[in-house]
Amino acid sequence: MAFAPSDRLKRLPPYLFAEFERKRAVLEKQGKDIVNLGIGDPDQAPPKLLLDTLVAHLKDEGVHQYSPSQGTDEFRSAVAGFMKKRYGLSLENKEICLGVGSKELIAHLPLALTNPGDVVLCPEPGYPPYRSGTVFALAEPHVMPLKAERGFLPDLDAIPADVAKKAKILYVNYPNNPTGAVAPKAFYEKCVAFAKKWGCVVVSDEAYAELYYEQPPISFLEVPGARDVGIAVHSMTKTFSMAGWRVAWVCGNPEIVETVRGFKANCDSGQFMGFQKAVAKVLSEGTGDMAGIRDMYRKRRDAFVEGTRKLGWDVKAPEAGLYIWYPVPRKGATSMQFAEAALEAGVIMLPGSGFGAAAEGYMRVALTVTEDRIREAVRRLASVTL
Ligand SMILES: Cc1ncc(COP(=O)(O)O)c(C=O)c1O
């Protein structure tokens, strides 16, 4: 039988992280030791309270059936308590919807909020599902370049009026993957004004909100008017080292949240309810040792920054997030050529080109291995010949 993927799938490049994971598996099978600074997959254990609570509820009656797509009331009340404590926001349960990880939420949002031919404003470099979700919905991604000289904030005034008129979603992501930038309040105020002027929804991806090295970043939802026009996406993945568990939420404007819920009711259900009980417990009672985790990532960040500066590379320490974003350290080499040379030396790091064409010229390193392994990576990188 002749088989072809859909045209919309064919419009997307291979998912970069998966490609590098495949290369790593091949090299490791050949017995090579690889330091993996590629995917941002936290290497710590999740909070003990989470595991204990899950085990305690495994055999409960009534937790094994379908969960509502938007999550249980208990889960959403715990999210509301967490958002109140962290940001001072008062949210009702109807203003919160569970996600099976935030990747799913981000990739599905254009299907819920746009029509074919609408525009979605996507930062570049940016998390790939902003673009792929847009393409799946037959909407058009419009690239907003993030430049170092603008603090890696998009220039909303540079978006042409005919594009802004068709825009239905503005994606923003701070602390930013991959640049590590944090957004000031004034930027979020601009987003609110933009959304009100052009009638689009702001989706603020705050997956890295707890991994900061300076002041705790604010949420987009704290800015006056934000809840008229937008939602924030939060994830347990990076904060609590729970990548494989797949739990996240959107919160904010109740009509947008209800639209997301309505969409999700057609394509998934909530996760296992014993698991939601465990997540609720962690959100309301014990968030683990976040200060210790931040300190650990800070030491890893400093090990990479200091080590590579000694090699003469131009590497700046990010304010937040799990990544270091720095210019390709070889004149004339593309980011993919440098990533391949680093892999030859036994280190995976991602080429900027995987985050969009506007991101060529940069490399991304994830701080998800121990400080010792980061020092080992720097030793290996010293030997890269290119
Ligand atoms: C900016 C950003 N948003 C969202 C996610 C998705 O996280 P998850 O699906 O594990 O919640 C990631 C993962 O790397 C990310 O970098």
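Remember, it's 1-based here, ligands and their atoms both numbered in the order they're listed.
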Ligand 1 N/O to protein N/O, distances under 3.5 Å:
from: ligand 1; atom 1: 3 (N); to: Asp205; atom 2: OD1; distance (Å): 3.3
from: ligand 1; atom 1: 3 (N); to: Asp205; atom 2: OD2; distance (Å): 2.6
from: ligand 1; atom 1: 7 (O); to: Ser102; atom 2: OG; distance (Å): 3.3
from: ligand 1; atom 1: 9 (O); to: Ser102; atom 2: N; distance (Å): 3.1
from: ligand 1; atom 1: 9 (O); to: Lys103; atom 2: N; distance (Å): 2.8
from: ligand 1; atom 1: 9 (O); to: Arg246; atom 2: NH2; distance (Å): 2.7
from: ligand 1; atom 1: 10 (O); to: Thr237; atom 2: OG1; distance (Å): 2.6
from: ligand 1; atom 1: 10 (O); to: Arg246; atom 2: NH1; distance (Å): 2.8
from: ligand 1; atom 1: 11 (O); to: Ser102; atom 2: N; distance (Å): 2.8
from: ligand 1; atom 1: 11 (O); to: Ser102; atom 2: OG; distance (Å): 2.8
from: ligand 1; atom 1: 11 (O); to: Ser235; atom 2: OG; distance (Å): 2.6
from: ligand 1; atom 1: 11 (O); to: Thr237; atom 2: OG1; distance (Å): 3.4
from: ligand 1; atom 1: 14 (O); to: Tyr208; atom 2: OH; distance (Å): 3.3
from: ligand 1; atom 1: 14 (O); to: Lys238; atom 2: NZ; distance (Å): 2.8
from: ligand 1; atom 1: 16 (O); to: Asn177; atom 2: ND2; distance (Å): 2.7
from: ligand 1; atom 1: 16 (O); to: Tyr208; atom 2: OH; distance (Å): 2.6

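A cation-pi contact links Arg294 to Tyr212, judged by a cut-off of 6.0 Å to the six-membered ring centre and 45° from its axis.
Atom NZ of Lys10 is surrounded by more than 12 heavy atoms from other residues, nucleotides or ligands within 6.0 Å.
Contacts of Arg298 classified as salt bridge (charged side-chain N to carboxylate O under 4.0 Å, His left out), with partners at least two apart in sequence or in another chain: Asp295.
Using cut-offs of 30° and 60° for the angle between ring planes, the Trp249 and Phe82 rings count as perpendicular.
The CG atom of Leu111 sits 12.0 Å away from the NZ atom of Lys264 when rounded to the nearest 0.5 Å. Interatomic distance, Gln215 CD to Glu319 CD, rounded to the nearest 0.5 Å: 10.0 Å.
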